[in-house]
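Order of appearance sets the numbers: ligands from 1, and atoms from 1 within every ligand.
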Amino acid sequence: QKREMANEQIDGDNSGHFIRSQYQEKLALFDQEFMNGQSTSNLSMSSTVTQQTKTFEIETDKRIPKLGVMLVGLGGNNGATFVAGILANKLKMDWETKNGTMSANFFGSFTQSGTVHAGYKFNSKSNILEDVHLPVKDLLPMVDPCQFMISGWDISQANLYESCLRAKVLEPDLLKQLKGELESIKPLPAAFRGDFIASNQADRADNVINGTNIEIITKLREDIRLMKSQCDKVVVLWTANTEMYMLPEIDTMDKLHMMVSKNHELPASVLYCMAAIEERVLYLNGSPQNTFHKAIVEYARQKGSFIAGSDFKSGQTRYKTIMSDFLIGSGIRLSSVVSYNHLGNNDGKNLSEDKCFQSKKISKGGVLDDAIKSNKILYPEGKDKIDHDVIIRYIPFVGDSKRAIDEYSSQIFMNGINTIMSYNMCEDSLLAVPLMIDMVILGELFTRMRVNGEGLGPVLSYLSFFFKAPITNHSDYVINSYTRQRESLVNFLKVAAGLPLDSGTMMAFKY
Ligand code: NAI
Ligand code: DG6
């Protein structure tokens, strides 16, 4: 209520079903002459910089839908942990471990456990301004994850209790308490194209839809429609095995439709994505493969549908985009990054086959490009490449508890070398699931928003914060920086809520 009042005071109309806000974006626009010169001393020539001001009207539908979440890969480590974790929160469960009694929480979720700096309040006793931080989930009307209706597909017919046991992520006492609920959830038969994932996955595939591309898409659409009939809105999230890249990319709609109708071998992810687009439901891609071919993006645009991806940025890569913000942002020349991982879950097994590993390597490998491009002093032309390698090994013994070992070597003052190493050990799925929850909640919210009368799609690029290889509506403009991704997401939520943005100069504290 307070937020709505603030919105009303600042920007007016908050009636009916919509939160409406107006935002004036101010950009410093450098002219071409400046850009050709590329000299920082030009900054003193104010004539080369102008301020571009644009006004945006943002409209958010306040009605929170009953949301159906359909996971592709429901019985995998992420899928099973997503279902059990949400159930445990919904039922406010406690369970025993050797370290004592534990309770369900949503730690690691930006929407459920994150706060944003929203502004200041005046403390009349101390006579100073104090920070105001608001929970992200209170900024705008968002779906509560405990209210998700969850279903999905898996090539393995194991029920969700068996899947949780197989995943070895959650504690036995918790699973024992959830046994009845989990046993009642069984994955729907899946679209399966075995050639696109590792051959070592074949023994899992006992729950597949047989048929042509068209028959499979039709069946997936029926599944989505059935879910739609039980709730208000559906989101489909791919958290199935990493597929190999499909090359050449499908670049035209004619080619896409020809390949579907003539039953060409297409990755399963493309079939799910097409079904989602045709049903006009948001499709999120949590794995690195190139599902979003040019023709798929165009198809989503034509159908008025939404997509976002790719590849959850949950641990090592998230840390990397923070380290590069810290190092390059401090004027230090990051010169070599070597990232090792080993893990022993089914994801690691699938990635142990080179064709799938290559997709992951591309996704993990491109995340420093924009940080390097941002600094021509450290990385002038001809010296703008750094050593960056990614190595992944499958070590069954460690299960889902992935080890990530990274070495960052940087050139510092007078060519000294500064080497920082990090060692991260954590269940991969406990890092990924909160991101899955966030992208579903924020993705759904973004489908209820309009800017200057238009929807945000087809690509929901504000979700980039959660992805290693973000796609955007402007394919040449991609931000990987953790700080910039978070800032743009937070600022967008704030202006949509009608909160004024703070320039961050802290000038108010100078006098
Ligand atoms: P997982 O191997 O345990 O689960 C994948 C599930 O997908 C399996 O149950 C498998 O049977 C199922 N599956 C395979 N092909 C399918 C199809 N065509 N249709 C429906 N189901 C299918 O893997 P996990 O650990 O759950 O990871 C899932 C994906 O998320 C992987 O691609 C992984 O690379 C990606 N990812 C995971 C992150 C993490 O932190 N856990 C972070 C970034 C990405
Ligand atoms: C090994 O790298 C397995 C992968 O699936 C990763 O664990 C996953 O992509 C998470 O990557 P990151 O770099 O965000 O920790």
Side-chain angles (χ1 to χ4, degrees), residues 70-82 108 152-158 160 162-164 166-169 187-194 196-198 200-209 216 220 236-243 266-272 284-289 309-321 339-352 356-357 359-361 363-365 367 390-395 398-404 406 424 426-436 466-469 482:
M70 300 188 77
L71 302 181
V72 187
L74 181 69
N77 283 26
N78 288 350
T81 308
F82 183 94
W153 305 266
D154 205 292
I155 58 171
S156 157
Q157 63 177 331
L160 267 281
E162 293 161 337
S163 303
C164 284
R166 178 173 62 189
K168 297 193 185 117
V169 174
L188 295 160
F192 180 54
R193 291 288 184 250
F196 284 89
I197 60 173
N200 61 30
Q201 299 295 306
D203 57 355
R204 265 177 111 91
D206 58 5
N207 191 39
V208 303
I209 311 168
I216 291 173
L220 297 174
V236 173
L237 166 55
W238 175 280
T239 181
N241 291 130
T242 294
E243 296 173 331
L266 288 167
S269 67
V270 168
L271 304 179
Y272 284 103
L284 301 162
N285 180 26
S287 301
Q289 70 273 345
S310 291
D311 203 8
F312 308 127
K313 182 162 88 164
S314 54
Q316 182 175 50
T317 308
R318 185 170 254 211
Y319 186 72
K320 194 175 287 180
T321 58
S339 298
Y340 300 90
N341 306 198
H342 60 268
L343 70 171
N345 58 15
N346 190 55
D347 180 27
K349 188 174 173 191
N350 182 61
L351 294 173
S352 68
C356 300
F357 165 70
S359 296
K360 193 62 98 175
K361 186 167 172 158
S363 172
K364 280 185 171 246
V367 301
V390 174
I391 297 119
I392 301 177
R393 290 283 178 270
Y394 174 51
I395 306 292
V398 304
D400 202 69
S401 179
K402 190 181 80 173
R403 273 65 163 157
D406 292 73
N424 181 191
C426 186
E427 274 85 352
D428 228 16
S429 305
L430 299 182
L431 292 174
V433 168
L435 269 65
M436 293 162 65
F466 305 106
F467 292 118
K468 282 203 254 300
Y482 177 90

_Partners passing ring-ring contact (aromatic ring centres under 6.0 Å, His included) against Phe196 (at least two apart in sequence or in another chain)_ = none
_Please work out, at 4.0 Å between heavy atoms, whether the side chain, the backbone, both, or neither of Leu351 comes within that distance of ligand 2._
side chain
*Flag the pair Arg204 / Asn350 as yes when at least one side-chain heavy-atom distance between them is below 4.5 Å, and no otherwise.*
no
_For atom 10 (C) of ligand 2, what is the closest protein heavy atom, and at what distance to 0.1 Å?_
Lys468 NZ, 3.2 Å
*For Ile392, take its heavy atoms, then give the atoms of ligand 2 lying under 4.0 Å from any of them.*
1 (C), 2 (O)
*Test item: Phe192 and Ile197 side chains (from C-beta on) under 4.5 Å apart, heavy atoms*: yes
*So, do Leu351 and Tyr394 sit near enough that their side-chain heavy atoms are less than 4.5 Å apart?*
no
*Would you please test Ser339 and Lys364 for side-chain hydrogen bond (donor to acceptor under 3.5 Å, both in side chains) and show each step?*
CA-CA 9 Å; Ser339 298; Lys364 280 185 171 246; over 6 Å; no
*What is the nearest protein non-hydrogen atom to atom 4 (C) of ligand 2, stated with its residue, atom name and distance?*
Lys360 CE, 3.4 Å
_Just to confirm my output: which protein heavy-atom neighbour is closest to atom 13 (O) of ligand 2, and how far is it?_
Thr317 OG1, 2.4 Å
*For Phe312, check ring-ring contact (aromatic ring centres under 6.0 Å, His included) against everything at least two apart and list the hits.*
none
*Check for a donor-acceptor pair, side chain of Asn285 on one end and backbone N or O of Ser310 on the other, with a separation under 3.5 Å.*
no
*Side chain, backbone, both or neither: the part of Lys402 lying under 4.0 Å from ligand 2 by heavy atom*: side chain
Close N/O pairs between ligand 1 and protein, under 3.5 Å:
unit_1, atom_1, unit_2, atom_2, d
ligand 1, 2 (O), Asn241, ND2, 3.2
ligand 1, 2 (O), Asn346, ND2, 2.8
ligand 1, 3 (O), Asn77, N, 2.8
ligand 1, 3 (O), Asn77, OD1, 3.4
ligand 1, 9 (O), Gly76, N, 3.2
ligand 1, 9 (O), Asp154, OD1, 3.3
ligand 1, 9 (O), Asp154, OD2, 2.8
ligand 1, 9 (O), Arg204, NH2, 2.9
ligand 1, 11 (O), Asp154, OD1, 2.6
ligand 1, 11 (O), Arg204, NE, 2.9
ligand 1, 18 (N), Ala191, O, 2.7
ligand 1, 19 (N), Tyr272, OH, 2.9
ligand 1, 26 (O), Asn77, N, 3.3
ligand 1, 26 (O), Asn78, N, 2.8
ligand 1, 27 (O), Asn78, ND2, 3.4
ligand 1, 32 (O), Ala240, O, 2.9
ligand 1, 32 (O), Thr242, N, 3.1
ligand 1, 32 (O), Thr242, OG1, 2.8
ligand 1, 32 (O), Ser287, OG, 2.7
ligand 1, 34 (O), Thr242, OG1, 3.0
ligand 1, 34 (O), Asp347, OD1, 2.9
ligand 1, 34 (O), Asp347, OD2, 3.3
ligand 1, 34 (O), Lys360, NZ, 2.9
ligand 1, 40 (O), Ser314, OG, 3.1
ligand 1, 40 (O), Asp428, O, 3.1
ligand 1, 40 (O), Asp428, OD1, 3.3
ligand 1, 40 (O), Asp428, OD2, 3.4
ligand 1, 41 (N), Asn78, OD1, 3.1
ligand 1, 41 (N), Asp428, O, 3.4

*How far is atom 5 (O) of ligand 2 from its nearest protein heavy atom, and which residue and atom name does that atom have?*
Asp347 OD2, 2.5 Å
*Could you check atom 7 (O) of ligand 2 against the protein and tell me its nearest heavy-atom contact, residue, atom and distance included?*
Asp428 OD2, 2.6 Å
_Taking the side chain as everything from C-beta on, heavy atoms only, tell me whether Asn345 gets closer than 4.5 Å to Asp428._
yes
*asked:* Among Asn241, Thr239, Val236, exactly one meets side-chain contact (heavy atoms from CB on, under 4.5 Å) together with Val72. Which residue is that?
replied: Val236
*Is there a donor in the side chain of Gln316 and an acceptor in the side chain of Asn424, or the other way round, less than 3.5 Å apart?*
no
*Is there a donor in the side chain of Ser429 and an acceptor in the side chain of Asn78, or the other way round, less than 3.5 Å apart?*
yes
*In ligand 2, which numbered atoms sit nearer than 4.0 Å to a non-hydrogen atom of Ser314?*
10 (C), 14 (O)
*Would you sort out whether Glu427 and Lys168 count as a side chain to side chain contact (heavy atoms under 4.5 Å, CB included), showing the intermediate values?*
CA-CA 10 Å; Glu427 274 85 352; Lys168 297 193 185 117; over 6 Å; no
*What is the closest protein heavy atom to atom 1 (C) of ligand 2, and at what distance does it sit?*
Asn341 OD1, 3.1 Å
*How would you list, by chain and number, every residue that makes a side chain to side chain contact (heavy atoms under 4.5 Å, CB included) with Pro288, sequence neighbours excluded?*
Thr242, Asp311, Ser359, Lys360, Ser363
*Which bit of Leu343 gets closer than 4.0 Å to ligand 2, counting heavy atoms only: side chain, backbone, both or neither?*
side chain
*asked:* Is it the case that ligand 2 has an N or O less than 3.5 angstrom from some N or O of Lys313?
replied: no
*Where is the nearest protein heavy atom to atom 15 (O) of ligand 2: which residue, which atom, and how far?*
Gln316 N, 2.6 Å
_Those atoms of ligand 2 less than 4.0 Å from some heavy atom in Lys364_ = 2 (O), 11 (O), 12 (P), 13 (O)
